[in-house]
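Please read the structure below before turning to the comments.
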Amino acid sequence: MRFQLLDADYFLNGAKPVIRLFGKTENGNAICAFYDKFQPYFYVKQGKGSVAALKAMKEITNIEEVKRFIPLGYKKEPESLLMITVDNPQNVPKLRDELVQNGFEDFDSDIMFKYRFMVDFGVKGMDWIEFEGTKAFTKMAKVTSYHVNKMKKIEKNENADLKFLAFDIECLPADLKRPMDSKKDPIVMVSLSFSPDHKNQKSLVLVAKPVSSSGVQGFRSEKELLEEFIKVIENYDPDMLIGYNCNNFDLPYLLDRMRKHGIQPNFGRCEKNVFSKTFGMMQECIVPGRIVVDPYQILKRDPWVKFHRYNLNTIAKELLNEEKIDVEHTEMPDLWNGGREGLNKFIEYCRKDSELAIRLVLEKGMLDRFFELSKISGLLLQDTFGGQSSRVETMLLHEFRKKNFVMPSRPSKEELLKRTREREKKELKGATVLEPKKGLHTEGCILVLDFRSLYPSIMRTYNVSPDTVLLKKENVPATKSPTGAYFVNQAVREGIFPSLLKELISARGRIKKMMKSAKDEEKRILNAKQLALKDMSNSFYGYTGYIRARLYMIDVANTITAHGRKNLEKTKKLIEDNFAVEVLYADTDSVFLKTNIKDLDEAKKEGSKIAKFVSDKLPGYLELEFEKIYKTFLILTKKRYAGWEFEPSGDGWVDKIEMKGIETIRRDWCTLVSETMEEVIKIILKEGDIQKAISRVRTVMTSLKNNEVPLEKLTIIKGITKSLESYEGMLPHIELAKKIAKRNPSEAPVVGDRIGFVIIRGNLLLSKRSEDPRYAREHNLQIDSDYYIYSQLFPPIERILSAVGISKSELLGNGRQASMKEVFSKNSKKKPAVLKGWESFVCKRCNKSYRRMPLSGACECGGDLMISYHGTLGNKVKR
DNA sequence: GCTACTCGGGG
DNA sequence: GTGTACGAGTAGC
C-alpha cells in the first residue's frame with residue numbers, strides 16, 4: 001500500500017505509544033496507518049550527573065552509551081552520550097527535567113514524538129510512504145486503517161487528489177456595542193464550499209431557522225445546525241479545512257458554542273476532539289487527520305507579497321477581483337429578524353465568504369509552496385504555516401540523524417534572558433548600507449547589480465557553520481573571519497549548513513532548468529518548488545542569529561554579515577577602479593551604478609561585463625549578477641527610492657515604475673495624497689519634468705481650495721481601539737465618534753469600528769472639526785483645504801520634492817523658482833543650507849517656513865529666521 | 001529619530 | 001501534546 005503523508009500524531013495503547021499516520025492513497029482514499037514498535041528516546045551528556053540515579057528511574061527502559069557530535073563548535077571526535085529510552089513519550093519532559101536538575105545535559109529531548117519517528121524513518125511531510133501491514137479494526141481512526149509492519153519512503157512527485165472544504169460562520173450579537181461573545185451570541189449560519197463538489201453542490205448554507213431552498217438547509221436551533229455541520233464534514237471527509245481567520249475566530253467560536261450545547265467537537269479523522277491552543281495573541285486549531293488552512297494567516301506571513309490590509313474584502317478584490325457582499329455587521333440583526341429578502345441576502349453573504357476563501361486557496365495555488373516546504377524541511381504540512389525556525393530545525397534534524405549529530409534543546413527562559421543580555425554587549429551587526437547620492441538621476445542608465453544568494457554563498461565559501469567554528473584556539477587548518485572568529489577549512493570538515501546549502505542550491509538549479517521546458521500545472525509546481533528551495537536557503541543565516549534558535553550562535557551570524565560588508569566594499573572598489581561609472585548607492589548585496597549610457601542594450605552589455613569582471617575576482621561561490629536597469633532613478637534616503645525600471649524580456653524590454661520604501665499608500669492618508677504622490681513620482685521619473693510635477697501639486701492645491709475634490713478622496717480612516725471614554729488626548733476620529741454617538745445613540749461607534757472622517761473648516765480645534773463625510777455632504781460643510789494641503793499633502797510630497805531640490809516655499813509659489821536647468825545641473829556647488837529631518841527655518845515675524853535658507857539669509861518680510869525642530873523654535877539664525 | 005506599545009482578522 | 005510562537009505601524013518621547 002502507498003499513501004501520501006498528510007498528518008501524524010500518536011496515542012497510547014495502555015502505556016505503549018502508537019504512531020498514527022494520516023494520508024491519502026493514490027486512488028484518493030483517506031487512510032490511517034498505525035505503527036507500534038517505536039520507542040521514545042533522548043540523549044544526555046553525563047557532566048556532573050549520577051548514573052546511579054539514572055538507573056533507578058523506572059520509566060527508563062534502556063540506557064546505552066553512544067558516540068555523537070554536538071553541533072556547537074568544531075569537535076574532532078564525537079562525544080560519549082547516554083541514549084535513554086523511555087516507555088512513554090509523556091514521561092520524557094519530567095525525566096528530562098529531573099536529569100537536568102541532576103547535572104546532566106540533555107539533547108533531542110524536546111522533539112515531538114511524531115517527528116522523532118519521522119526523522120528516524122527518513123520520512124518527511126507530504127512524502128509518499130509504502131508499507132506492508134494488516135487491516136486494523138479499531139476506534140482509533142474513522143478511515144480505513146492498517147497496522148504497519150514495514151514501511152519506507154518512496155520517490156513520487158505527484159500529489160494525491162485532495163478534498164477541500166471551506167467554511168464561514170455568522171453570529172448574531174446580542175449587543176452591537178460590545179465585541180462578539182461566544183458565551184452569549186449564537187451562531188446562526190454556517191456556509192460550506194466544496195471542491196470537488198459535494199452531492200453535486202458547490203456550496204451549502206446551514207441556517208438556524210426553518211427555511212430551506214436549493215443550497216440552503218434550515219434548522220430549528222443552533223444546536224441542530226452545529227450537529228449537522230459536524231455531519232457534513234464527516235460525510236464529505238475533507239483533507240483541508242479552510243476558513244478566513246478560522247484559527248482565531250471561526251473554529252474557537254464553534255468549539256465554544258458546541259461546548260455550550262454539550263456537543264463533542266469531533267470532526268477530525270479519529271476519536272480525538274478538535275481543540276484550540278492559545279499562545280500570546282494567536283490561536284491555532286488542531287483537527288486531527290485534517291489540515292486547517294487559514295488563508296489570512298498564510299497571506300499575512302508571506303514575506304514576498306504584502307497587502308495594505310488583510311481583510312477578506314481587500315484580499316478578494318486584489319487577488320480574485322471579486323468582493324464580499326456588502327453587509328455591515330450592524331445590520332445583521334435586522335436582516336436576520338426581518339423578512340425573507342433580507343434573510344436571503346444574509347445567507348448569500350455567508351455563502352460568498354466561504355466561496356471566496358476556497359477560491360483564494362485553489363485559484364491562487366496558495367498551498368503549492370507549502371507542499372514543497374513540507375517535502376524539503378520535513379515538517380508536516382500543518383506545521384509549515386508556522387515560522388522559519390522550525391523548518392530549519394526539522395531539516396537539520398534529518399541531516400543530524402544521517403551525520404551522527406544530536407540536537408540541543410530549545411533555550412529556556414533563563415537562557416533567553418542570558419542571550420538578550422549578551423546581545424546588548426555584543427550586538428548583531430547588520431549589513432552595509434551606503435549613503436546614497438540623493439536626488440534625481442536622469443543622465444544615463446543606472447545599472448543594478450546584486451549578489452546571487454549572498455549569505456548562503458558566504459557560508460559555503462568560508463565554511464561558516466555552527467559545527468565548524470572553533471570555540472577555543474586549536475591546531476587545525478582554519479580560516480579567520482573578519483570578526484576574528486576561526487572556522488575550520490572544508491577539508492577538515494564541511495559544515496552542516498554549507499553542505500545543506502549546497503544541496504538546496506543545486507536542487508534549485510536543476511528545478512529551474514526543468515522549468516524551462518515545463519508548462520502549465522507542472523511548471524507551476526516546479527516554480528513552487530524552486531521558491532521553497534530559495535526560501536529554505538535564505539533561512540539559515542537568520543536562524544543563527546535568531547534568539548530562540550537551538551543553534552543560536554551570534555559569532556556565526558556576525559561572521560556572515562562581516563563577510564558581506566567586506567565583500568560589498570571590495571566590489572565597490574573593484575567597480576570604481578575599473579569602470580567609468582559612479583556608485584550611487586549600495587545596500588547589503590546590491591550596487592546601483594550610474595553610467596552615461598543612454599541605450600538599453602548597450603547598458604545591459606555593460607552591466608553583464610561589470611558583473612563578470614567582479615565575480616571573477618571574488619572568491620568561492622560569490623557571484624555578482626546583472627539584475628536590471630533604471631532609465632531614471634530618484635533616491636530620497638537609504639532604503640527609499642524609486643526608479644523607472646527596464647527588465648530584459650525575450651528580445652525586448654518591459655518597463656515599470658518601481659518603488660522601494662516610499663510609501664504612497666498608508667492607512668492614515670486619504671486617497672488624494674496617495675494618488676498625487678504616485679502621479680508626482682511618475683512625472684518626475686518618466687518625463688523628468690519637475691516643473692510639471694510641481695504644477696500638478698499646485699493644481700491639486702487649487703482644486704482643494706475651490707472645493708472641487710470629492711469627499712471620498714479626502715476621507716481619512718482610523719480605528720477605534722478602546723472605549724471612547726478611555727481616550728485621554730484629543731483625536732479627530734474619537735471626537736467624531738463621540739459626536740455621532742450624541743446625534744444618534746443607535747449608531748454609536750464601538751471598539752473595533754473604523755471611522756472615516758473629513759476635516760471641515762472652522763475656528764475650533766482641529767480634532768473638533770472632524771466630520772462624517774455623509775453628514776458633511778448633507779449639510780454642505782466646507783472642508784478645511786489648508787489642513788489637507790499642509791498636514792496631509794505636503795509632508796510626503798515635500799520629502800520627494802526636496803530630494804530634487806525644490807523647497808516648500810518654492811512649491812507654494814512664494815519663493816524662488818528653480819529652473820529646469822538648475823534642477824538638472826549635476827553639481828551646483830553653491831548649495832544653500834539644507835536642514836535635516838523635520839527641521840525648518842521659520843520667520844520670527846511672519847511665521848513663514850523655509851525648507852532651505854533663502855539666499856538673503858532672512859525672510860521675504862525682512863524678519864529674522866529661527867531654526868524650528870519638531871515645531872519648536874530654537875536658535876536664531878545669524879545673517 | 002528612536003523606542004514602546006498596540007493591533008490585526010473575524011461578527 | 002517530549003514545544004513554541006509575530007510584526008508592522010503608530011503613538012509617545
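Below, chain A is the first sequence line, B the second, and so on; all start at residue 1. The structure displayed is predicted, hence computed values, not measured ones.
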Assign [X] to base, sugar-phosphate, or nothing according to its heavy-atom contacts below 4.0 angstrom with the strands shown.
X        : value
A/Ile169 : sugar-phosphate
A/Leu312 : sugar-phosphate
A/Lys413 : nothing
A/Asn247 : nothing
A/Asp106 : nothing
A/Phe113 : base
A/Asp250 : nothing
A/Phe42  : nothing

Checklist entry - Expressed as a whole number of Å, how far does the P atom of B/dG8 sit from that of C/dA5? => result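 Each nucleotide's P atom is 23 Å from the other's.
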Item to check | Interatomic distance at P, C/dA8 relative to B/dG9, whole Å | outcome: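 Between the two P atoms, the distance is 14 Å.
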In whole angstrom, give the distance that lies between atom [atom1] of [X] and atom [atom2] of [N].
X        : N      : atom1 : atom2 : value
A/Phe346 : B/dG11 : CZ    : C1'   : 8 Å
A/Asn245 : B/dG11 : CG    : P     : 8 Å
A/Leu299 : B/dG10 : CG    : P     : 12 Å
A/Asn313 : B/dG8  : CG    : P     : 16 Å
A/Tyr296 : B/dG8  : OH    : P     : 8 Å
A/Ile315 : B/dG8  : CD1   : P     : 15 Å
A/Gln297 : B/dC7  : CD    : P     : 19 Å
A/His733 : C/dT10 : NE2   : P     : 12 Å

Item to check | Selection: residues 85-96 of chain A, any non-hydrogen atom under 4.0 Å of DNA chain C | outcome: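 Only A/Pro89, A/Val92, A/Pro93, A/Arg96 qualify.
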Checklist entry - Which distance, rounded to the nearest 0.5 Å, do you find between the NZ of A/Lys317 and the NZ of A/Lys324? => result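 A/Lys317 atom NZ to A/Lys324 atom NZ measures 12.0 Å (nearest 0.5 Å).
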Item to check | Phosphate-side-chain proximity, A/Lys324 and B/dG9, N/O vs OP1/OP2 below 4.0 Å | outcome: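 No, A/Lys324 has no side-chain N/O under 4.0 Å of OP1/OP2 on B/dG9.
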Of all pairs that satisfy salt bridge (Lys or Arg N to Asp or Glu O under 4.0 Å), the ones with a partner from [range], not counting sequence neighbours:
range                       : answer
residues 275-304 of chain A : A/Asp237-A/Arg290, A/Asp302-A/Arg369
residues 247-260 of chain A : A/Glu222-A/Arg257, A/Asp256-A/Arg259
residues 326-335 of chain A : none

Item to check | Mutual orientation of the aromatic rings belonging to A/Phe167 and A/Phe229 [parallel < 30°, tilted 30-60°, perpendicular > 60°] | outcome: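 Geometry flag for A/Phe229 against A/Phe167: tilted rings.
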Checklist entry - In terms of the angle between their ring planes, are A/Phe346 and A/Tyr349 parallel, tilted or perpendicular, with boundaries placed at 30° and 60°? => result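 Aromatic pair A/Phe346/A/Tyr349 classed tilted.
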Checklist entry - Hey, would you say the A/Tyr10 and A/Phe117 ring centroids sit under 6.0 Å apart? => result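 Not close enough - the centres of the two rings lie 6.0 Å or further apart.
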Item to check | Salt bridge present between A/Asp9 and A/Arg20 (N-O < 4.0 angstrom) | outcome: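 The answer is yes: the pair qualifies as a salt bridge.
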Checklist entry - Reading nucleotides 4-9 of chain C from the 5' end, what letters show protein touch, with B for base, S for backbone sugar-phosphate only, - for no heavy atom under 4.0 Å? => result BBB---
Listed pairs under 3.5 Å, donor-acceptor, residues 89-97 of chain A side chains, sequence neighbours left out:
{"residue": "A/Asn91", "atom": "ND2", "partner": "A/Asp87", "partner atom": "OD1", "Å": "3.1"}
{"residue": "A/Lys94", "atom": "NZ", "partner": "A/Glu59", "partner atom": "OE2", "Å": "2.7"}
{"residue": "A/Arg96", "atom": "NH1", "partner": "A/Ser109", "partner atom": "O", "Å": "3.0"}

Checklist entry - Does a side-chain heavy-atom distance below 4.5 Å link A/Leu360 with A/Leu320? => result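 Counting from C-beta outward, A/Leu360 and A/Leu320 do come under 4.5 Å.
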